[in-house]
Amino acid sequence: MKRLLLALIILTIFLSPIYSAGTSGFAITYGETTYKNPTYKSTVDSYFDSHTDKNLNNSNTKVVTASQVNQIAKNITGRTYNSNQIFSCALVDLSYSQGIRIIVDTSKINTVTSKMYANALKSTGIENGYVVVTSPVSATGESALTGVLESYEVAVGTTIPEEAKKAATEELYTETQIANQTGQSADKVAELFDKAKQEVQKQNLQDPAQIKVIVINVANSLNISLTDQQAQDIANTLANSQKVQGSLTDFKNQLQAATQQASQSQGILDQIKNYLQSFYDYLMSLLGTQ
């Protein structure tokens, strides 16, 4: 029994700082309505806990307020929110090293899809990380983008320029509008935006007239019928997204550094955990023979 106790003490001593170090680049944002309601927050935490191997208590957290959402979105969506209407929450883990993976709780988020979030994030230079979006009640998910961007700011440790946030929000909103107007699936519209954006970036275009030609060609290739106004709306959105790229240099550099640090820390953590598990199993085998 004394040997077992010694083994557990050794494991505790080693693992305590390791788990703390493993939370680098790990952040959660709560909508202020959810954060103020213990039942709502518990529901969200349970969903997050089931979709990460990290300890939520060790995350960097921040509350997203209605004023923050309105500051970015009110002139784009035409909507304003009260403090009792901000439910959506987001988790970001930069230790994920295989590009970007976005999990959307489709039982609660009923409009915006993971592909739509991915498109909007790419507009702010974000193409890596593990993202989880949920809400305690049914929500469109449009205002959740503010929380996702805030989570990245917390995880990275630097801010995203406001003009870039607004461009990403405008893109997400335009996507949902085009999906509603055309009757196409949200993911197919997201594919249209993604392919058109790739071509725009490849040619480094900012002129909406030139971008509109690309939008129409991509839409035709996907068998999506657009009105002239819809094609123009998409072109304007992509032009705005392209124009803010120059302001994102600092954030992109910080994001790359934070991602590398988080990935390396996670790799070291996994190696040490595997070693300690082997060490523990060895001690247990010795005790089993006494």
Side-chain angles (χ1 to χ4, degrees), residues 28-37 40-41 43-44 62-90 92 102 104-124 126 131-153 159-187 189-190 192-193 226-227 229-241 243-244:
I28 294 174
T29 51
Y30 297 95
E32 65 174 313
T33 315
T34 297
Y35 189 77
K36 293 175 182 177
N37 186 312
Y40 285 168
K41 186 174 181 297
T43 298
V44 167
K62 190 172 183 179
V63 177
V64 176
T65 66
S67 61
Q68 288 175 291
V69 174
N70 292 336
Q71 181 181 354
I72 297 173
K74 65 180 180 180
N75 294 325
I76 298 170
T77 67
R79 301 170 185 164
T80 56
Y81 298 88
N82 298 320
S83 60
N84 62 349
Q85 296 177 301
I86 308 301
F87 297 98
S88 301
C89 305
V92 167
I102 302 175
V104 175
D105 182 1
T106 55
S107 69
K108 300 293 173 58
I109 306 297
N110 55 42
T111 300
V112 183
T113 68
S114 60
K115 289 184 178 180
M116 285 182 165
Y117 283 123
N119 278 346
L121 291 178
K122 286 179 182 179
S123 292
T124 59
I126 297 171
V131 181
V132 182
V133 181
T134 187
S135 168
V137 300
S138 180
T140 63
E142 289 173 318
S143 65
L145 179 62
T146 301
V148 175
L149 295 175
E150 289 277 351
S151 289
Y152 267 94
E153 289 182 326
T159 59
I160 300 171
E162 288 299 311
E163 59 266 33
K165 290 182 182 179
K166 289 179 179 178
T169 302
E170 179 185 9
E171 181 173 340
L172 186 68
Y173 177 69
T174 304
E175 280 183 293
T176 60
Q177 292 299 297
I178 295 298
N180 290 334
Q181 293 168 5
T182 62
Q184 297 287 342
S185 71
D187 281 345
V189 171
L192 163 61
F193 273 71
L226 298 175
T227 66
Q229 186 59 55
Q230 288 167 346
Q232 188 65 62
D233 290 342
I234 297 172
N236 291 340
T237 297
L238 296 182
N240 289 337
S241 174
K243 289 174 183 176
V244 302

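What you see below is based on every heavy atom in this structure, not just the backbone, and it leaves out hydrogens, waters and symmetry mates.
From Thr237, atom OG1 reaches atom CD of Glu170 across 4.0 Å, with rounding to the nearest 0.5 Å. Remark: Met116 CE to Ile109 CD1 distance equals 13.0 Å, nearest 0.5 Å. Taking CD1 from Ile160 and CD from Glu153, the interatomic distance works out to 4.5 Å, rounded to the nearest 0.5 Å. In this structure, CD in Glu32 is found 13.0 Å from NZ in Lys62, a value given to the nearest 0.5 Å. How far CG of Asn82 is from OG of Ser67: 11.5 Å, rounded to the nearest 0.5 Å. Rounded to the nearest 0.5 angstrom, Leu145 CG and Thr124 OG1 are separated by 8.0 Å.
In this structure, Tyr40 and Val137 have side chains that are in contact, with non-hydrogen atoms separated by less than 4.5 Å. Taking the side chain as every heavy atom from C-beta outward, Leu121 and Leu149 approach each other to under 4.5 Å. Looking at heavy atoms from C-beta onward, Leu192 lies in side-chain contact with Leu226 at the 4.5 angstrom threshold. For the pair Thr34/Thr43, no side-chain contact is recorded, criterion being any heavy-atom separation below 4.5 Å from C-beta on. With a 4.5 Å cut-off on side-chain heavy atoms, Ile86 and Thr146 do not count as touching.
For the 3.5 Å distance criterion, the side chains of Gln177 and Asp233 fail to qualify, holding no donor opposite an acceptor. Side chains of Glu171 and Ser123: a donor on one and an acceptor on the other come within 3.5 Å. For the residue pair Thr111 / Thr140, no side-chain donor-acceptor distance below 3.5 Å is found, with atom types taken as modelled.
For Lys41, the salt bridge (Lys or Arg N to Asp or Glu O under 4.0 Å) partners at least two apart in sequence or on another chain are Asp45. Under the salt bridge (Lys or Arg N to Asp or Glu O under 4.0 Å) criterion, Glu162 pairs with Lys165, not counting sequence neighbours.
The two residues Thr29 and Val148 make their nearest non-hydrogen contact at OG1-N, 4.4 Å. Listed here is the closest heavy atom pair of Val133 and Tyr117: CG1-OH, 3.8 Å. Closest approach of Thr33 and Ser83 over heavy atoms only: OG1-O, 2.8 Å. Of all the heavy atoms in Val44 and Ser135, the pair that sits closest is CG2-C, 4.3 Å. The shortest non-hydrogen separation linking Thr169 to Ala73 is CG2-CB, 4.0 Å. Between Ser151 and Ala90 the shortest heavy-atom distance is OG-O, 3.3 Å.
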Task: side-chain contact (heavy atoms from CB on, under 4.5 Å) assessment of Asn236 paired with Gln232 - done: CA-CA 6 Å; Asn236 291 340; Gln232 188 65 62; 3.0 Å; yes

Open item on the list: side-chain contact (heavy atoms from CB on, under 4.5 Å), that's the test. Do Thr174 and Phe193 meet it? Break it down for me.
Closed with: CA-CA 10 Å; Thr174 304; Phe193 273 71; 3.8 Å; yes

Task: Verdict with reasoning, Val64 to Val69, per side-chain contact (heavy atoms from CB on, under 4.5 Å) - done: CA-CA 8 Å; Val64 176; Val69 174; 3.9 Å; yes

Open item on the list: Determine whether Thr176 and Glu142 satisfy the following criterion, side-chain hydrogen bond (donor to acceptor under 3.5 Å, both in side chains), listing intermediate values before the conclusion.
Closed with: CA-CA 9 Å; Thr176 60; Glu142 289 173 318; 3.0 Å; yes

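Counting non-hydrogen atoms of neighbouring residues, nucleotides and ligands closer than 6.0 angstrom, the OH atom of Tyr35 reaches no more than 12 such neighbours.
Asn70 contributes a side-chain N or O that, together with a main-chain N or O of Tyr81, makes up a donor-acceptor pair within less than 3.5 Å.
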